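In what follows, residues are counted from 1 in the order of the sequence shown. Predicted model only: the values in this text are computed from it and were never measured.
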Amino acid sequence: MSDPSASFELPVRVYIEDTDAGGIVFHAKYLHYMERARTEWVRSQGVGLRAGLEHNISYVVQKMNLHFRMPAKLDDQLLVTAELKAASRVWMGFRQCVYRADDRQLLCDADVRVACVALDTGKPRRLPEKMQEILKNFV
């Protein structure tokens with residue numbers, strides 16, 4: 001398990017498929033990068049998402065507030081963070097940042113709330129016990 005005081009970091013390279021005709025990262029791609037970082041954070045805590053699906057559990061973004069500060073460009077190496085800031089019985093709140101790796105320039109940051117839902121109905125449900133135990137180490 002990772003250090004609860006540390007923010008999780010995922011390295012990401014910007015590819016041509018991520019950019020517009022001018023080589024600037026398309027704004028929606030930042031959502032993809034952040035999704036990957038949150039998913040890898042969960043995986044780093046020993047929680048398998050496939051196992052959750054087998055137990056009728058899914059996680060959905062309920063709320064997101066983004067601030068685009070500077071553009072990422074083709075071939076940039078990025079660091080995408082995921083830091084758990086708050087949690088309840090049914091949701092987790094993350095602070096996420098996208099930095100250019102070489103100079104740690106902040107490019108985009110977001111506050112993200114991820115809710116736990118029943119896969120079959122889409123209705124809110126309690127986070128699994130294992131996840132609740134993990135969250136206690138962070139908040």
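Considering all non-hydrogen atoms of both residues, Leu78 and Val98 come closest at CD1-CG1, 4.0 Å. Nearest heavy atom pair, residue Arg126 against residue Cys116, reads O-SG, 3.6 Å. Here the closest heavy-atom approach between residue Val112 and residue Val61 is recorded as CG1-CG1, 4.2 Å. Scanning all heavy atoms of the two residues, the minimum distance from Val80 to Tyr33 falls at CG1-O, 3.6 Å. Heavy-atom minimum distance, Val42 versus Met131: CG1-CE, 3.9 Å. The shortest heavy-atom contact between His55 and Arg125 is O-NH1, 3.3 Å.
Hydrophobic clustering keeps Val60 apart from Val90 (ILVMFWY residues linked when any side-chain heavy atoms are closer than 4.5 Å, directly or through intermediates). Taken together through direct or relayed side-chain contacts under 4.5 Å among Ile, Leu, Val, Met, Phe, Trp and Tyr, Val47 and Val117 form parts of separate hydrophobic clusters.
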Item to check | Leu119/Ile57 under side-chain contact (heavy atoms from CB on, under 4.5 Å): CA gap, chis, key distance, verdict | outcome: CA-CA 5 Å; Leu119 187 59; Ile57 297 168; over 6 Å; no
Item to check | Residue pair Gln45, Phe138: steps toward the side-chain contact (heavy atoms from CB on, under 4.5 Å) verdict | outcome: CA-CA 11 Å; Gln45 300 307 309; Phe138 289 88; 3.6 Å; yes
Checklist entry - side-chain contact (heavy atoms from CB on, under 4.5 Å) between Leu84 and Met92: does it pass, once the steps are laid out? => result CA-CA 7 Å; Leu84 187 74; Met92 299 173 281; 3.7 Å; yes
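Annotation for Arg13: atom CZ counts as buried by contact number, over 12 foreign heavy atoms lying within 6.0 Å. No more than 12 heavy atoms of other residues, nucleotides or ligands sit less than 6.0 Å from atom OH of Tyr15.
Under 3.5 Å, the side chains of Trp91 and Ser88 contain a donor-acceptor pair of N or O atoms. Checked by atom type, the side-chain pair Asp120/Asn56 shows a donor-acceptor distance below 3.5 Å. Between the side chains of Arg38 and Gln96, at least one donor N or O lies within less than 3.5 Å of an accepting N or O.
Arg100 pairs with exactly one of Leu79, Leu107, Val14 by the side chain to side chain contact (heavy atoms under 4.5 Å, CB included) rule, that one being Leu107.
Every salt bridge (Lys or Arg N to Asp or Glu O under 4.0 Å) that Arg104 has, sequence neighbours left out, goes to Glu9.
Comment: Lys130 does not engage Glu133 in a salt bridge, judged by the lack of any side-chain N to carboxylate O separation of less than 4.0 angstrom.
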